[in-house]
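Throughout, protein chains are lettered first and strands after them, A, B, ... in sequence-line order, and every chain is numbered starting at 1.
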Number of protein chains: 2
Amino acid sequence: MSTEPEVPANRAPTLTDVAKLAGVSVATASKAINGRDEVKAATRARVLKAAELLSFAPNALARALLGGRTGTVGLLTSDLEGRFSIPILMGAEDAFGAGEVSVFLCDARGDAIREAYHVRALLSRRVDGLIVVGSSTDPRPPLAGTIPVPVVYVYAPSADPGDISITVDNVGGGRLAVDHLLACGRREIAHVTGEPGFAAARDRAEGAAAALADAGLSMLGGKPYYGSWDETWGRAAAHIVVEQHPEVDAIFCGSDQIARGVLETLRDLGRDVPHAISVIGFDNWDAIAAHSRPRLTSIDMNLERLGAVAGRRLFEAIAGAEPPSSEQYPGRVVMRDSTAPAG
Amino acid sequence: MSTEPEVPANRAPTLTDVAKLAGVSVATASKAINGRDEVKAATRARVLKAAELLSFAPNALARALLGGRTGTVGLLTSDLEGRFSIPILMGAEDAFGAGEVSVFLCDARGDAIREAYHVRALLSRRVDGLIVVGSSTDPRPPLAGTIPVPVVYVYAPSADPGDISITVDNVGGGRLAVDHLLACGRREIAHVTGEPGFAAARDRAEGAAAALADAGLSMLGGKPYYGSWDETWGRAAAHIVVEQHPEVDAIFCGSDQIARGVLETLRDLGRDVPHAISVIGFDNWDAIAAHSRPRLTSIDMNLERLGAVAGRRLFEAIAGAEPPSSEQYPGRVVMRDSTAPAG
DNA sequence: TACCGTCCTGAAAACCTTTTCGCCGAGCGC
DNA sequence: GCGCTCGGCGAAAAGGTTTTCAGGACGGTA
């Protein structure tokens with residue numbers, strides 16, 4: 001005589017078990033547990049107690065099998081390694097986590113074959129929708145084949161404008177950066193950025209140029225200093241800029257890493273940042289920006305929000321017939337100590 | 001008259017559709033598709049063609065419903081934000097990605113309530129197993145409640161020694177670092193590290209002390225310089241160490257960020273790294289280690305492998321009856337330019 | 001007392017696949 | 001020509017839940 005209730009060993013308790021224990025039919029048990037109102041309060045209580053006793057958890061598979069909805073979505077990333085995917089992924093996970101939706105994570109490693117494979121697996125699991133997270137802001141080819149569920153592209157837009165893409169406004173970000181420098185009274189502004197093959201570099205430069213043009217100014221040297229995204233280039237570029245344009249009083253950097261390198265060189269050269277020269281970075285990567293000397297002002301693209309928005313849009317697309325359209329989100333300036341009015 | 005085959009609109013094709021199109025029974029269709037050998041080659045070909053035509057994908061839910069196995073696992077992280085979860089997650093995802101297993105990603109944000117909620121959801125989805133990724137190397141409480149599937153803890157071990165935990169060998173990591181410095185001929189070695197509240201800090205210090213003791217030496221100052229994990233502390237600590245122990249010829253840092261700060265101060269003080277003083281970091285965080293001046297030698301804990309191992313162990317636990325035991329993995333020295341023989 | 005309406009409850013179908021088992025026809029040996 | 005074997009195929013059940021619909025109990029009214 002065991003103290004355990006009659007749970008058939010070695011098997012998760014089913015609704016039938018609960019119904020039996022409560023002395024009702026499975027139909028009634030189902031209604032009681034799902035809060036349907038066609039069941040007497042006393043009966044419901046009895047069923048709930050039985051469920052509790054058996055620590056019954058409804059089999060989501062069986063439920064999904066007839067409902068049509070599985071309550072799952074696929075999250076397809078190109079590379080988990082990239083710093084940018086992670087906050088987006090967090091935001092999306094968060095947007096769903098609150099509800100009844102679980103997230104399948106798939107990393108395609110930038111490989112189209114692998115991606116197709118994952119998509120097939122996800123569809124066979126009958127996900128209700130897909131989120132595709134890119135690794136750069138360059139447009140990417142849409143998912144291959146016909147996908148019978150809604151798809152939302154994040155960060156990297158789909159090359160097909162008919163798809164739903166949620167992206168950051170890099171042009172606006174470039175504008176923000178330069179406007180901030182202008183607000184600090186800066187006029188001789190250089191732009192040091194990464195590889196021109198990246199849309200992110202070109203877009204930010206475009207925004208910067210536009211903001212300068214609006215102020216009747218132009219970029220120091222007439223165009224951006226393109227290079228790579230890392231500190232080493234930042235250090236080299238700063239030397240070049242200072243040599244070519246000793247009058248420089250601000251540098252807008254295409255990434256925090258570049259900015260960090262710029263800061264180091266300016267420090268080596270004995271230039272006073274932020275007063276003689278102000279420096280602003282991009283990405284607001286805390287580990288880099290918050291510990292430089294001086295601490296780095298930067299543009300934050302709010303990627304977590306981007307992911308959350310994508311999650312919500314996908315949810316809407318799944319629920320309603322009205323497909324949401326593409327959206328672009330602005331960033332914001334995060335003030336630290338590397339920018340200030342001239343002094 | 002449509003060019004499309006007779007697919008009942010608005011519904012994913014089922015095995016019944018395929019069977020009908022191929023002119024066989026569902027049973028035969030199932031066998032043909034699953035490669036069972038009780039079906040004539042010609043029949044199989046006919047079925048496969050029909051499946052292709054309808055782009056049929058078997059409903060994994062229905063399959064799981066009777067098979068008992070869902071081919072899904074839950075990956076429960078404490079914080080996606082942390083740098084350490086990501087490589088582990090990549091490794092685990094990779095270990096499964098090759099097979100037929102899909103991964104549910106859940107971020108508990110360090111909240112026990114949220115964690116319990118996610119576990120409930122995962123169990124109702126009938127995952128075959130769980131991987132729990134911690135955010136620090138300190139032991140964590142095991143999952144609440146009784147979990148009817150195998151669980152593997154990674155990075156942060158479960159506080160219950162009966163659970164399966166896959167962890168990094170921080171003591172060994174501390175040994176590795178000091179042994180490397182000793183091999184460079186260093187004798188006056190200081191240890192600057194993070195908060196003593198972290199097992200990671202204490203374990204690495206313990207390994208360092210042991211390696212020194214084995215060489216008949218002891219730590220400069222007799223004990224580690226505990227502080228925080230960031231650059232700011234590294235900069236401050238380097239000043240302290242050099243002042244208190246001008247004879248210092250090597251500094252073992254508990255993180256790459258600390259090491260970076262140390263490097264900056266030594267540079268400011270005009271000390272020659274690596275020849276006068278060698279510096280070694282910990283974590284091998286590329287963005288930090290590969291772009292410092294000089295580039296930083298560091299201990300890599302190979303977290304991706306850790307995740308992959310966890311995935312494999314979970315897989316074994318799901319498949320076989322023999323539960324694997326806990327394991328600890330050593331790191332390795334990644335040589336760059338901040339360590340060298342005295343010269 | 002007979003009848004009607006209102007609540008509850010339960011039986012059964014549906015969702016899609018896999019697997020077991022029985023059946024049928026063909027081929028072969030005697 | 002007859003009986004046996006074997007290969008190939010199909011019918012049916014199972015897996016757990018939701019939902020629909022029919023039916024039963026009971027209270028109230030004529």
Side-chain angles (χ1 to χ4, degrees), chain A residues 7-8 10-48 50-51 54-72 100 123-128 148, chain B residues 7-8 10-48 50-51 54-71 100 121 123-128 148:
Chain A
V7 197
N10 196 18
R11 190 171 62 72
T14 74
L15 195 56
T16 312
D17 300 326
V18 175
K20 213 167 283 177
L21 184 58
V24 298
S25 74
V26 282
T28 305
S30 170
K31 289 172 209 160
I33 287 179
N34 292 334
R36 304 283 300 264
D37 53 357
E38 343 160 77
V39 47
K40 199 158 53 176
T43 312
R44 179 190 311 279
R46 223 165 58 242
V47 171
L48 289 181
L54 298 175
S55 63
F56 167 77
N59 187 327
L61 276 62
R63 178 179 282 172
L65 191 53
L66 50 178
R69 292 278 172 77
T70 56
T72 60
E100 307 291 296
L123 291 181
S124 95
R125 296 199 189 284
R126 298 294 188 264
V127 291
D128 296 332
Chain B
V7 197
N10 196 17
R11 189 171 62 73
T14 75
L15 195 56
T16 311
D17 300 326
V18 175
K20 212 168 282 176
L21 184 58
V24 298
S25 73
V26 283
T28 305
S30 170
K31 289 172 209 161
I33 287 179
N34 293 334
R36 304 283 302 263
D37 53 358
E38 340 159 82
V39 48
K40 201 157 52 175
T43 313
R44 180 189 310 280
R46 223 166 57 243
V47 171
L48 289 180
L54 298 175
S55 63
F56 166 78
N59 187 326
L61 277 62
R63 180 179 280 173
L65 190 53
L66 45 182
R69 291 276 171 78
T70 56
E100 306 291 296
L123 291 181
S124 95
R125 296 198 189 284
R126 297 297 188 262
V127 292
D128 295 332

Self-check item: A:L48 versus A:A32, closest heavy-atom pair with distance
Solution: CD2-O, 4.4 Å
Self-check item: Gap between atoms CG and P, on A:N59 and D:dT18 respectively (whole Å)
Solution: 10 Å
Exercise. Determine yes or no for a side-chain-to-main-chain donor-acceptor pair under 3.5 angstrom, with A:R125 supplying the side chain and B:G71 the backbone.
Key: yes
Self-check item: Nearest atoms (heavy-atom pairs only) where B:D17 meets B:A12
Solution: OD2-O, 4.3 Å
Quiz prompt | Exercise: identify the closest heavy-atom pair between B:F56 and B:I33 | solution = CE2-CD1, 3.7 Å
Exercise. Round to the nearest Å and state the distance from B:L61 atom CG to D:dG15 atom P.
Key: 18 Å
Self-check item: Closest approach of B:L61 to A:L65 (non-hydrogen atoms, all atoms of both residues)
Solution: CD2-N, 4.1 Å
Quiz prompt | salt bridge (Lys or Arg N to Asp or Glu O under 4.0 Å) contacts in which one or both residues fall within residues 37-47 of chain B, not counting sequence neighbours | solution = B:R36-B:E38
Quiz item: What residues form a side-chain contact (heavy atoms from CB on, under 4.5 Å) with A:T16, not counting sequence neighbours?
Solution: A:T14, A:K20, A:V26
Quiz prompt | Taking every non-hydrogen atom, the tightest pair across B:A29 and B:A19 | solution = CB-CB, 4.0 Å
Quiz item: Are A:R126 and B:N59 close enough that some pair of their side-chain heavy atoms sits under 4.5 Å apart?
Solution: yes
Self-check item: Bounds of contact between DNA chain C and chain A, in 5' to 3' order, using a heavy-atom cut-off under 4.0 Å
Solution: C:dC8 to C:dC16
Self-check item: B:R126 CZ - D:dG16 C1' separation (whole Å)
Solution: 9 Å
Exercise. Give a yes/no answer on whether the side chain of A:R63 brings an N or O atom under 4.0 Å of OP1 or OP2 in D:dG16.
Key: no
Quiz prompt | Distance test, side-chain N/O of A:R11 to OP1/OP2 of D:dG16, below 4.0 Å | solution = yes
Practice problem: In whole angstrom, give the distance that lies between atom CD1 of A:I33 and atom P of D:dT17. | Solution: 8 Å
Exercise. Mind checking B:T14 for me? I need base, sugar-phosphate or nothing, with any heavy atom below 4.0 Å counting as a touch.
Key: sugar-phosphate
Exercise. Please name the pair of heavy atoms, one in A:D128 and one in A:R69, separated by the smallest distance, quoted to 0.1 Å.
Key: OD1-CA, 3.6 Å
Self-check item: Interatomic distance, B:L65 CG vs D:dT17 C1' [rounded to whole Å]
Solution: 9 Å
Practice problem: To the nearest 10°, let me know how far the axis at one end of the helix from C:dT1-D:dA30 to C:dC30-D:dG1 is tilted from the axis at the other, five pairs an end. | Solution: 70°
Practice problem: Just jot down the side-chain contact (heavy atoms from CB on, under 4.5 Å) partners of A:A22, sequence neighbours excluded, or say none. | Solution: A:V24, A:V47, A:A50
Quiz prompt | Summary of protein contacts for nucleotides 7-12 of chain D, nucleotide by nucleotide, where a base hit scores B, a sugar-phosphate-only hit scores S (4.0 Å, heavy atoms) | solution = -SBBB-
Practice problem: Round to the nearest Å and state the distance from A:L66 atom CG to D:dT17 atom P. | Solution: 11 Å
